[in-house]
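In what follows, a structure is listed as structure tokens, so that the remarks can point back to it.
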Amino acid sequence: MKLKVYLASIMFVLLAGLLPVCAMAEDKKDEAPAAAPAATAPAATSAAPASAAPAPAPAPAPAATPAPTLNGADTAWVLVSAALVLLMTPGLALFYGGMVRQKNVLSTFMHSFVVMGIVGVQWVVLGYTLAFGDNLGGFVGKLNKIMLCGITPDTLSNTIPEYAFIMFQGMFAIITVALISGALAERIKFSAYCLFALIWTTLVYDPIAHWVWGPDGWLLKKGALDFAGGTVVHLSSGISALAVLVFLGKRHGFPNERMAPHSLPLTLLGVGLLWFGWFGFNAGSSLAANGTAALAFTTTTVAPAAAGLTWMFAEWLHSGKPSALGFGSGVVAGLVGITPAAGFVTPMAALILGVGVGLVCYAAILVKAKLKYDDSLDAFGVHGVGGTFGALATGVLATVGGKGLIAGEPKQLLTQVIAVVAAGTYAFIVTLVIAFVLDKTIGLRVEKEDEVVGLDQTQHSESAYN
């Protein structure tokens, strides 16, 4: 109870302190600078000397950059895409919730749903300006857009209202931290998870988003290609999931006790909703209703289809039976792999990428079984490994709107390697620090007795099935 009161007090104080900052920003915006005095034209002479040479013609003025204009089709597409991306988070809850044991279903659902609240508030208060505010050294955004100060319904971001862009990007921030929960399921304290989600989004997601997508972010200026979040979303969350496990440890009974999924139909329903929402995730990242969106829509169909079949056949050959969970996991791996490349590769290249990421992620799951680290729902094996593979494959296969290795630009692959190493290293180190601080203060993990009873009862006093 004391912890809850303390957290509520901190949030109230922060919001109260930020309101005057917002008001000051608005006041400065309203104070229009005084207009410069018009230059006085010289008085005309009564007559020009007959011998005077004709005056040279004035140089043509440079063409002014046309002001951005609102495009209704682009706006409608981005708004629909934002809604599709938001739907992915409940889809993720179903995907993860079906894979845990019955006693932990609601707690696993809450790990996805609660970040819709936490990050939904954090993004408009602080996250958006850190990710997309004016550039500060290429590393993070300035606070000029804190609490969305200075933005109105008439403010445009290219051809769409900036509010539409803000909400679209906010959905990415929400699902990214929810992806990490797949590694932490069935044993993390709910209070610790809530604090982790808030701190991680602020210190890890927002800066990396600025590096890759923000105005003058250092990886953007370097030429890194990430169409819809392979590095920003999947690599960062997958690597961070692995970092938290250093302090969280294994579930009691792992790996000797059987921990079978309690409802694969829920998981497959989650796969379907994720794939449906992913069209907004990838095709919406064109930020326009155009041919690039259509290309991304196509590659987002081809790659997961190929990856799902590849995983299923690999499992069939390896273990003797094709599983529903295997096909669903392959589809998600394909969606992860195509994300950074969706608007940069042809459909045939997406087919190759899908086969590759299906094989690589299936191999990563086999390696996990050998190493016996407890990534409960394979957040690292699918998102960390798949995101890394997709980012590197983009540097090889890109031929549309960018050139990769096969298009005669080997430097692009090196740039992708730099982006993967930089984002992965930063995410891993900062997440280690966050997990260490939380573990040493409020504690990350529930007590053994609570874990045995189940987190639905011990963390929420509820049961999924009565």
Side-chain angles (χ1 to χ4, degrees), residues 1-19 21-22 86 89 92-93 96 107-133 140-141 143 145-148 166-167 169-185 188-210 232-233 236-241 243-245 247-248 379 426-446 455 459-460:
M1 179 60 71
K2 289 182 178 180
L3 175 62
K4 295 176 182 176
V5 173
Y6 181 67
L7 291 175
S9 300
I10 290 178
M11 292 188 69
F12 179 79
V13 170
L14 285 174
L15 288 173
L18 289 173
L19 282 172
V21 176
C22 183
L86 182 64
T89 302
L92 183 71
Y96 280 166
S107 67
T108 303
F109 267 61
M110 277 295 287
H111 289 162
S112 291
F113 275 87
V114 75
V115 297
M116 296 168 75
I118 294 172
V119 182
V121 172
Q122 186 271 355
W123 184 250
V124 298
V125 172
L126 184 61
Y128 179 69
T129 193
L130 292 178
F132 293 98
V140 73
L143 299 182
K145 295 185 179 181
I146 195 167
M147 296 185 74
L148 308 188
I166 292 167
M167 288 296 96
Q169 291 294 340
M171 305 313 175
F172 281 64
I174 288 170
I175 196 170
T176 302
V177 69
L179 293 173
I180 300 174
S181 69
L184 320 178
I188 191 170
K189 285 182 179 178
F190 186 68
S191 57
Y193 175 77
C194 290
L195 275 175
F196 174 83
L198 176 62
I199 298 169
W200 187 89
T201 302
T202 304
L203 298 184
V204 178
Y205 179 84
D206 296 341
I208 292 179
H210 186 81
V232 177
V233 176
S236 68
S237 61
I239 292 291
S240 297
V244 180
L245 294 179
F247 294 98
L248 192 63
Y426 177 81
F428 189 82
I429 292 175
V430 177
T431 304
L432 274 179
V433 174
I434 295 171
F436 172 80
V437 172
L438 291 177
D439 188 50
K440 298 303 179 184
T441 51
I442 67 172
L444 277 175
R445 187 165 178 162
V446 299
L455 272 59
Q459 298 295 296
H460 305 288

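Positions are given from 1 along the sequence.
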For [X], which residues count as a side-chain contact (heavy atoms from CB on, under 4.5 Å) partner, sequence neighbours excluded?
X      : answer
Ala379 : Tyr96, Ala183, Ala241, Asp375
Phe190 : Met110, His111, Val114, Cys194, Gln459, His460
Val430 : Leu203, Val204, Tyr426, Ile434
Phe247 : Leu432, Ala435, Phe436, Asp439, Leu444

Pairwise side-chain contact, Val446 with Ile188, heavy-atom cut-off 4.5 Å (strictly under):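 Counting from C-beta outward, Val446 and Ile188 never come under 4.5 Å.
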What closest approach, in Å, do [X] and [Y] show between heavy atoms, and which atom pair accounts for it?
X      : Y      : value
Leu130 : Val140 : O-CG2, 3.4 Å
Lys145 : Tyr128 : CD-CE2, 3.7 Å
Ala427 : Ile208 : CB-CD1, 4.2 Å
Ile442 : Ala192 : CD1-CA, 3.7 Å
Ala178 : Tyr193 : CA-OH, 4.0 Å
Ala209 : Ala131 : CB-CB, 4.0 Å

Measure the [atom1]-[atom2] distance between [X] and [Y] for me, rounded to the nearest 0.5 Å.
X      : Y      : atom1 : atom2 : value
His210 : Thr129 : NE2   : OG1   : 9.5 Å
Leu184 : Phe196 : CG    : CZ    : 6.5 Å
Ser112 : Ile174 : OG    : CD1   : 11.0 Å
Ile175 : Ser237 : CD1   : OG    : 9.0 Å
Ile180 : Ser236 : CD1   : OG    : 7.0 Å
Met116 : Leu86  : CE    : CG    : 4.0 Å

Steps toward side-chain contact (heavy atoms from CB on, under 4.5 Å) verdict (Val233, Phe172): CA-CA 7 Å; Val233 176; Phe172 281 64; 4.0 Å; yes
Under 3.5 Å: donor-acceptor pair, side chain of Thr441, backbone of Leu438: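 Yes: the side chain of Thr441 pairs with the backbone of Leu438.
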Within the side chain of Trp123, is there an N or O that forms a donor-acceptor pair under 3.5 Å with the backbone of Ile166?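 The answer is yes, because a donor-acceptor pair under 3.5 Å joins these two groups.
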Tell me, with the steps shown, if Phe113 and Thr89 meet side-chain contact (heavy atoms from CB on, under 4.5 Å). CA-CA 7 Å; Phe113 275 87; Thr89 302; over 6 Å; no
Mind checking what makes side chain to side chain donor-acceptor pair (under 3.5 Å) contact with Ser240, not counting sequence neighbours?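 Side chain to side chain donor-acceptor pair (under 3.5 Å) check on Ser240 returns Trp200, Thr431.
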Results of side chain to side chain donor-acceptor pair (under 3.5 Å) for Gln122 - residues two or more places apart only: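 Gln122 satisfies side chain to side chain donor-acceptor pair (under 3.5 Å) with Thr202, Asp206 once adjacent residues are dropped.
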